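The structure appears below as structure tokens.
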Amino acid sequence: MAESTEHEKSTVEHGSAAAAPVHADEVVTADWRVEAAVKDRWHSIKANPKILFIALFASFGGFEYGYQQGILSQSLVMTRFTGNFPSVVESSTAQGWLTSVLQLGGIIGSLSAGLLGEMFSRKYTMFSACCWVILGSYLYVGATAGNPALLYAGRFFTGLGVGTFSGVGPLYNAEISAPETRGFIVSFYQLATILGIFLSFWIGYGSNYIGGIGETQSDLAWRLPSIIQGIPSVLLAIGIWWMPFSPRWLVKVGRHEEAKETLAWLRKREINDPLVHAEFLEIQAEALFEDRVFRKSFPKLASKEQQSIFMREISGYVHLFRTWDNFKRVSTAWLVMFWQQWSGIDAIIYYASNVFQSYGFSEGTIALLATGVTGSVFLVSTLPAMFLIDRLGRKPMLLSGSVVMFLCMVTVGIIVAKFRHDWPNHTDAGWAAVVLIWIYIGAFGFGWGPASWVLVSEVFPLSIRARGASIGASSNWINNFAIAFMVPPMFEAWAWGTYIFFAAFLFVGFFWVWFILPETKNATLEEMDRVFKSHTGAEDARMLAEAQRDVGLLDFMRSEGEIRKNQKV
């Protein structure tokens, strides 16, 4: 095995100069590998449960994101919290800032995730995110009556952590998974997010009773949820040292033997297995091709990169927008998260208890109960989506979810417009609005929730994947920040118009998905160029074929294809 590796290394370094020219039409793909794997996708998952455990563990960052989304809305209607921090509760602007300061930290965290993920690896970047969340969780707990400063500080540092998680967590899961189960594996991040929301809602509902729901309520009622929040990050910070590095990151930093061993371990196959070797060569060819393209496009920056890893990563962000192909990927990731956020989902999640109170349920406990059911609906609707996303595809789930969400938003807007001045005499209308919000949440959990994170993690080529995913995640946070800040004044000034506002974005987003978004189902991460119709120029295609030849992929795929063809005959 060592001799083979040395031969591959020599070929990569010197092959293009010595070998015969390669034509653009000689580019090959691993169709037979995907076809073979898809046939027993669920059997392979059942036989190899460790990949599920790793993905779920790596998705604790999503849990923290969802949990943090839920606990604030609970606190805002708790007797003790409202008594301790009237300056926050009684001002829609202050509520907006307390909510959106999390997103401010998230923007910084998500943008830095790409740089840190390339320089220090995906898993060490997740460790740094754990530290930020732990710090933020317990700063929040330290806030005292009349002094909300630590509330803001705690949410900012927590945002820094969960923002970093959002930029690197789905990416890590995408890079350790096989193409035929990638949607399922990456969906664990969204499942963890929904689980965090679910638990935060019910923990908030339960802790509301600590000391009673009136004036006797204890400060522990609003502090306990934040104390619990830090626990998953502590567990991940400890366990992350036993998690594998991303094999694709290992290839990028030249640790080829370790990358192949990691792939074999993740796939639960022998290191010489043809499926493992094919996947390894694909990754290696993609890395070599992207490096050659980068050096050709930025010779001066490539020279500086030899002096500084940091310079390479900074110049890599320039490369994101240098070509139309890369810009198309970046804009796709950005817009996926743009349409997801402007569907209004976080406006509901962040202010769920307040929203339900606005339907005439003035008692905080009933609003908290309705909010708890919201979390349950979210969780239940996300589970089938995880199993169906690789079968149905990303686009059908986004389109169906958009239709249901649009109808719910419009109908709720009509109900609120008609009855908002007389809720006590129209409790049925209030409950109808609540049920429609539950349906809306369920449609999001089935469609935009899991599919958007899967798309952001899979649409980029290897050379810009970490940076591109961080840009996509930053879109989530930037738009999330705007919504979190705007929504309290919007509900106050527009009332029913707020629902119609978000319905309009759902309407336009539906047509963007229908006409512009490509389907990525069952495509390997290395085949996304084909999905996006990239590298159509003869020179780019020739360079890709040369990279495939120089790592031995062309010969290997041809020989394996012939073997399998003969076996069928």
Side-chain angles (χ1 to χ4, degrees), residues 1-12 15 19 22 25-41 43-45 47-48 51 174-183 185 244-252 254-290 390 458 461-463 465 520-531 535 541 544-568:
M1 187 65 219
E3 294 178 1
S4 174
T5 303
E6 288 300 317
H7 171 71
E8 289 170 5
K9 182 178 179 181
S10 176
T11 303
V12 170
V22 180
D25 58 5
E26 294 186 66
V27 173
V28 298
T29 59
D31 292 340
W32 61 263
R33 176 168 69 82
V34 177
E35 180 182 351
V38 167
K39 289 180 180 178
D40 64 345
R41 114 184 353 148
H43 173 75
S44 65
I45 288 177
N48 187 21
I51 195 73
E175 292 187 341
I176 66 171
S177 62
E180 68 278 1
T181 58
R182 189 176 59 248
I185 297 299
F245 289 100
S246 160
R248 287 170 171 81
W249 179 80
L250 289 171
V251 167
K252 286 204 71 175
R255 293 156 63 174
H256 292 164
E257 188 66 25
E258 186 179 351
K260 194 168 185 179
E261 290 173 356
T262 301
L263 271 177
W265 184 79
L266 286 169
R267 305 294 177 257
K268 204 175 180 180
R269 294 177 180 272
E270 296 295 326
I271 196 168
N272 293 319
D273 188 289
L275 291 175
V276 171
H277 193 59
E279 188 174 0
F280 170 71
L281 291 178
E282 280 186 291
I283 297 169
Q284 199 176 10
E286 179 78 0
L288 179 61
F289 166 70
E290 295 292 345
D390 286 313
E458 70 184 359
L462 179 63
S463 67
R465 185 166 297 137
T520 58
K521 179 180 70 171
N522 283 341
T524 69
L525 291 176
E526 285 64 49
E527 288 181 312
M528 286 299 162
D529 289 339
R530 172 179 57 80
V531 172
H535 309 305
L544 177 58
E546 283 184 351
Q548 292 181 337
R549 177 203 60 195
D550 292 348
V551 301
L553 179 61
L554 286 178
D555 291 339
F556 180 77
M557 298 295 281
R558 286 167 183 154
S559 64
E560 281 296 315
E562 286 298 319
I563 292 173
R564 291 168 189 277
K565 182 178 179 180
N566 293 334
Q567 288 175 343
K568 289 182 180 179

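What you are looking at is a predicted structure, and each value in this text was computed from that prediction instead of being measured.
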Check this for me, if you would: do Lys252 and Glu175 make a salt bridge, where the nitrogen-to-carboxylate-oxygen distance has to be below 4.0 angstrom?
no

Answer yes or no: is there a side-chain heavy-atom contact under 4.5 Å between Glu270 and Val276?
no

What's the verdict on side chain to side chain contact (heavy atoms under 4.5 Å, CB included) for Glu279 and Ile283, showing C-alpha distance, side-chain angles and the deciding distance?
CA-CA 6 Å; Glu279 188 174 0; Ile283 297 169; 4.2 Å; yes

Point-to-point distance, once rounded to the nearest 0.5 Å, from NE2 of His277 to CG of Leu263:
11.5 Å

Here the gap from Lys268 atom NZ to Asp273 atom CG, rounded to the nearest 0.5 Å, amounts to 13.5 Å

Quick check for you: to the nearest 0.5 Å, what is the distance between Gln284 atom CD and Arg248 atom CZ?
13.0 Å

Note, Phe280 side chain near Val251 side chain (heavy atom, < 4.5 Å):
yes

Rounded to the nearest 0.5 Å, how far does CD1 of Ile185 lie from CG of Asp390?
9.0 Å

Can you see which heavy atom on Pro247 is nearest to which on Ala259, and at what distance?
O-CB, 3.6 Å

Determine the minimum heavy-atom distance between Ile176 and Arg267, stating which atoms define it.
O-NH1, 2.7 Å

Closest heavy-atom contact between Ala285 and Ala547?
O-CB, 3.5 Å

Looking at side-chain heavy atoms only, is the closest gap between Ile271 and Glu261 below 4.5 Å?
yes

Rounded to the nearest 0.5 angstrom, the CD-CG distance for Gln548 and Leu288 is 10.5 Å

Intermediate values then yes/no, side chain to side chain contact (heavy atoms under 4.5 Å, CB included), Asp555 and Arg558
CA-CA 5 Å; Asp555 291 339; Arg558 286 167 183 154; 3.9 Å; yes

Verdict with supporting geometry, Arg269 and Leu275, side chain to side chain contact (heavy atoms under 4.5 Å, CB included)
CA-CA 9 Å; Arg269 294 177 180 272; Leu275 291 175; 3.4 Å; yes

First locate atom OG1 of Thr262, then atom CG of Leu250, and finally report the distance between them rounded to the nearest 0.5 Å.
5.0 Å

Passes side chain to side chain contact (heavy atoms under 4.5 Å, CB included), Trp249 versus Arg255? Steps please.
CA-CA 9 Å; Trp249 179 80; Arg255 293 156 63 174; 3.6 Å; yes

